[in-house]
Amino acid sequence: MTDYPELYRQLAREIVKHEGKIEGDARQFVAQLAEKLRAKGHVLTPEIEAELTDYLGSMQAAIKTGIEKAVTVAVALPGLPQSATVAKLTEQAFNERWPDGLKLSDRLWDFNETARTGLTNVLRDAAKTGASVNKTVYDMQRTIERAAGGQRFKIVEQYADDWVKELHAAGVGLIHDPQSRELWNATVAEVEERILSLKATGTRSAAERVFDQIKKAVASGREELADKAVKWWLYDKQLYGLKRIARTEMATAMHKAVIASTEDDETIIGYQWRLSASHPVTDICDYYASVEMGLGKGVFTKDAVPRGKAHPHCVLGDTIIHAPGAISAATKSFYSGAIVEIITRNSGKLSCTPNHAILTQSGWVEAQFIDKGHNIISATSSNPGAFYPNDNDMPSTIEQIFNSAIEAHGVSSITVPVAAEHFHGDGGMMDGNVQIVHVDGLLLSDDNPGINKHFGKNPFSIGNSSPASFLGDGIGDSLFNRFGHSPNSGMCISSDSLPVFQGGSAHIERLAFAGRSDGDAVFFEDSIDDDPRDSMKFSQSFDGFPGFIEGDNFRFWQSNLAAHIDTSITKSLVNSLSIHAFSTGNAVDGFAGLITLDEVIEVRKRDFYGFVYDLQIEPHHWYFANGIVTHNCMCLLVPRVSNIKQKGSKNYADWLKNLSPEKQQELLPDWVSRINQLGMPLDKLIRPDGLGVVTRDALKQSMGDSRFNAAQALGKALTDKKWPVNKISQNNRMSQKTLGSLQAHADTPDVKRFLDKLESNQFSVSSREWHYFKYKYQYGESIKSVADIDARFDAVLKDPDAKIFNTGERYIVHSDKADRWAIIQPNGQRITAYTPTQEELDAQGKPLWLIRTLID
Amino acid sequence: MAYPYADRLKGYRHQVDFCLEQGEGPVLCTLRNDIDTLSLTNDEKAELADIDAGAIEYLLTLDSVAEYLLADDDSQPLSHWWWHLGKIRSKTYPAELLPEYLRAIYHANESKPI
């Protein structure tokens, strides 16, 4: 009998050997494999070969369908083309490796650049709408599972760890043959030891789970339970693989989305490569940060902006840490890829990701560039000793530090995706997530006090965190977890929420994507550049530029940003950027008695599969890792909005006026936009210093409550154009008259459609539509379309000489010019607009205001 | 098409047909009161009865009516039902004071919350 499972395993191994890059089609590939297998003595008939070809082809179809489904999920957005986009992007997602389009990710199935480009476009939209990666992943997995044959784990079965297979085999053996208990016991002992060695890896809990399940299956004598345990083990691994693909690709896509979503934004002039205050290594970042393209130092034009980042810096969990300062944050990421092991003459040994910066005699050098013979700075002893009197001088591993931080009271942690292109490719070896925990929320730069002191006015209305406790005093978990964090030491989160701070230290998920993977936050207060308007246009309901903060929703108040930035903060920021220049000197000079030059005697590179960690240390941003001085680095790519001075504008109002009306309305907060639309000039809505819009409270105070409320209601009626939906009572004689008039015109297509619609909607109808048909067909008014009803309303509200009356909180606005009055509810909802009789007008009495005096 | 209804009742009709239909009627009471002082033709009287009936029906069938309409002016005679719309809606208005053409409608409908 043909052992198909074995053949499938052989097929899988062959694919892996080619790293997924298979030349030719499925038949050719299988034919080559068959030749090899026959040479080894396998008997492969043409039928078997055909079966393998068919299997490979169906796997391809399943994966393609799975990805197509995922793409469909991701692009299931209103207004977007569905099938054309999906088809196009699916094709892009599969490259020429397979003539009919099979694409293999280089994580698991070797996606190449073409596939990534295609998925990027799709995932950009998914990122914009906050589509769930997990859902996408599960959709991919389900599609693969549901494909014909039900053998979709075969391709990953070869990845099942040997110990699992051995344990399963020993367990099944014992179930069928009690005599094999000795083998079972020996296997269990080996597995226990194996699992203990997994403590630094993320698979430990999964390993313990499958171990426990198989033991229980054996104890109950049920082979099917043991099979099930292994199956779920494989499922988890397969899902993990898909998740890595999806998250990595989505994270990559989001990075591109940050740029892509702002490319067409006229307010964004480029992207600034901002060096972290603790940038340790002279590398590509320094070049990027000093580039001059006419937009300012370090600011790239949109077409030239680098697509990648540069900051890898992680060490393995068992690294012993001594920190010459406070640990302000820790990160943990799952990593699978090459690591560098550096061994020194003084028995120092450090394992870290290739770009982790290490202090050498020549300055900070990335680990991958450390060679035998280099002298690195290390501690004079394996225990550098206490730097602080209260330190108990008990060394901890970085994993212990991370776990302590994450378990500490009042500390929040968040998990954010990282991009494959981040970490100079090290991010591609991560599982797409970095877990970040802040110890105390300290900011890295000295502007913390400046922002902090204004934070008390923060209008957050959710979460239990008081503004005062948010920065500096601790982190409110709910607030942190929902909104991410403030600038500098903050990380952004993978949610749709946008953190908003008066003072402008906003942190935007998509924009901060560039920052979050390396542990540093996007610092949006660009006071150092004399441009307080670092903010962003967001794709959803949050408009970011210029920033606004409202009390009842979360927008970014640029005006407050500008108000809270003063020269002392600017100076401190400038100073903070110089910190890195001193950090090397600090490390050497400050701890001269504790450190020494240590010759590297061996550098090894190996693969690693597990968690890696990094710390943020205040104030020097470096620490001893296994006695070797290492550094973290947090440079950023920050989208830059156009400097109003660059646009030739005198001030903010002037700048706003230069934008198109649509853009203006887009950028102004709703309540400002309403009053502006009503006729209040922008100048009156701008702060006296010209740096932003006035606050709502300030305007309300200057106008008075009644005027402000009236202006809001009228403005909202003008901008929102909302009408109530009424249930027409067929028994009411007034309605009957209207319906009777419409029935008399039922041969008119317009009317017939409306009557049919009434019936099908059980006589629920927008009053706007109802009024149109009533005015036209019952009262004989000359009116062309439903839109004219709105036009009537608009004409009244756009007349600056229109009189405003108030009855029972309703606003009745009468325009002689439009020869109509409009009735508006206090919430801005439109009620009706018609030509009143003189008796109606007389009955109103004296108006309270004209529109022009209302907004004056 | 010429205005199909009586001109002198136009404002009141507006208040009922365009406004009260949506639970509003900024000057409904005032206009109805003004009409009460007019000498109407028979056609106008018939039309007025029709509009009044429509108003009562709305008051007694709409889910919500603006508060200002239901704030009765007790300084006005009770027989001037238009100043006591709140009582009508709550069915606490003495039905015998209503004109006969409105009484039937009043009795035919349940009270509504104010």
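Letters A, B, ... mirror the listed sequences (proteins, then strands); counts begin at 1. A quick note: this is a predicted structure, and the numbers were derived from the prediction, not measured.
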Worksheet item: Taking everything shown except B:Glu96 itself, do over 12 heavy atoms lie less than 6.0 Å from its CD?
Response: yes
Worksheet item: Got more than 12 heavy atoms from elsewhere within 6.0 Å of NZ, A:Lys722?
Response: no
Nearest 0.5 Å, please: how far is [atom2] in [Y] from [atom1] in [X]?
{"X": "B:Leu62", "Y": "A:Lys727", "atom1": "CG", "atom2": "NZ", "answer": "13.5 Å"}
{"X": "B:Thr30", "Y": "A:Asp842", "atom1": "OG1", "atom2": "CG", "answer": "11.0 Å"}
{"X": "A:Thr738", "Y": "B:Glu21", "atom1": "OG1", "atom2": "CD", "answer": "7.0 Å"}

Interface moiety of [X] toward chain B, non-hydrogen atoms closer than 4.5 Å:
{"X": "A:Thr835", "answer": "backbone"}
{"X": "A:Ser735", "answer": "both"}
{"X": "A:Gln838", "answer": "neither"}
{"X": "A:Trp821", "answer": "side chain"}
{"X": "A:Tyr775", "answer": "side chain"}
{"X": "A:Ile823", "answer": "side chain"}

Worksheet entry | Sole residue of B:Ile51, B:Ile56, B:Ile105 in side chain to side chain contact (heavy atoms under 4.5 Å, CB included) with A:Arg733 | B:Ile105
Worksheet item: Taking NZ, NE, NH1 and NH2 as the nitrogens, is one of them in B:Asp50 or A:Lys737 under 4.0 Å from a carboxylate oxygen of the other?
Response: yes
Discussion item. I'd like to know if A:Lys774 and B:Asp17 make a salt bridge, using a cut-off of under 4.0 Å between side-chain N and carboxylate O.
Written reply: yes
Given heavy-atom pairs under 4.5 angstrom as the criterion, report whether the side chain, backbone, both or neither of [X] touches chain A.
{"X": "B:Leu69", "value": "neither"}
{"X": "B:Tyr58", "value": "both"}
{"X": "B:Glu67", "value": "neither"}

Please give me the minimum heavy-atom distance between [X] and [Y], naming the atom from each residue.
{"X": "B:Leu31", "Y": "A:Ala843", "result": "CD1-CB, 3.6 Å"}
{"X": "A:Ile812", "Y": "B:Pro26", "result": "CD1-CB, 3.7 Å"}
{"X": "A:Met734", "Y": "B:Val16", "result": "CE-CG1, 4.0 Å"}
{"X": "B:Cys19", "Y": "A:Thr832", "result": "SG-CG2, 4.2 Å"}
{"X": "B:Gly11", "Y": "A:Glu840", "result": "O-OE2, 3.5 Å"}

Item to complete: Heavy-atom pairs under 4.5 Å with chain B are the metric here; pick the option from A:Leu841, A:Asn732, A:Thr807 that has the most.
Response: A:Asn732
Discussion item. With heavy-atom distances below 4.5 Å as the criterion, would you say the side chains of A:Glu839 and B:Ile35 are in contact?
Written reply: no
Item to complete: Answer whether the closest heavy-atom distance between the side chains of B:Glu57 and A:Asn731 falls below 4.5 Å.
Response: no
Worksheet entry | Residue pair A:Glu781 / B:Tyr3, side-chain donor-acceptor N/O under 3.5 Å | no
Worksheet item: Is the closest side-chain donor-acceptor distance between A:Asn726 and B:Gln22 under 3.5 Å?
Response: yes
Worksheet item: Is the B:Phe18 ring parallel, tilted or perpendicular to the A:His771 ring (thresholds 30°, 60°)?
Response: tilted
Worksheet entry | B:Lys10 side chain vs A:Pro836 backbone, donor-acceptor pair below 3.5 Å | no
Practice prompt. Could you tell me whether a side-chain N or O of A:Gln844 sits under 3.5 Å from a main-chain N or O of B:Val27, the two making a donor and an acceptor?
Written response: no
Fill in: Test side-chain contact (heavy atoms from CB on, under 4.5 Å) applied to B:Arg8 and A:Thr837, step by step
CA-CA 9 Å; B:Arg8 293 208 290 177; A:Thr837 60; over 6 Å; no
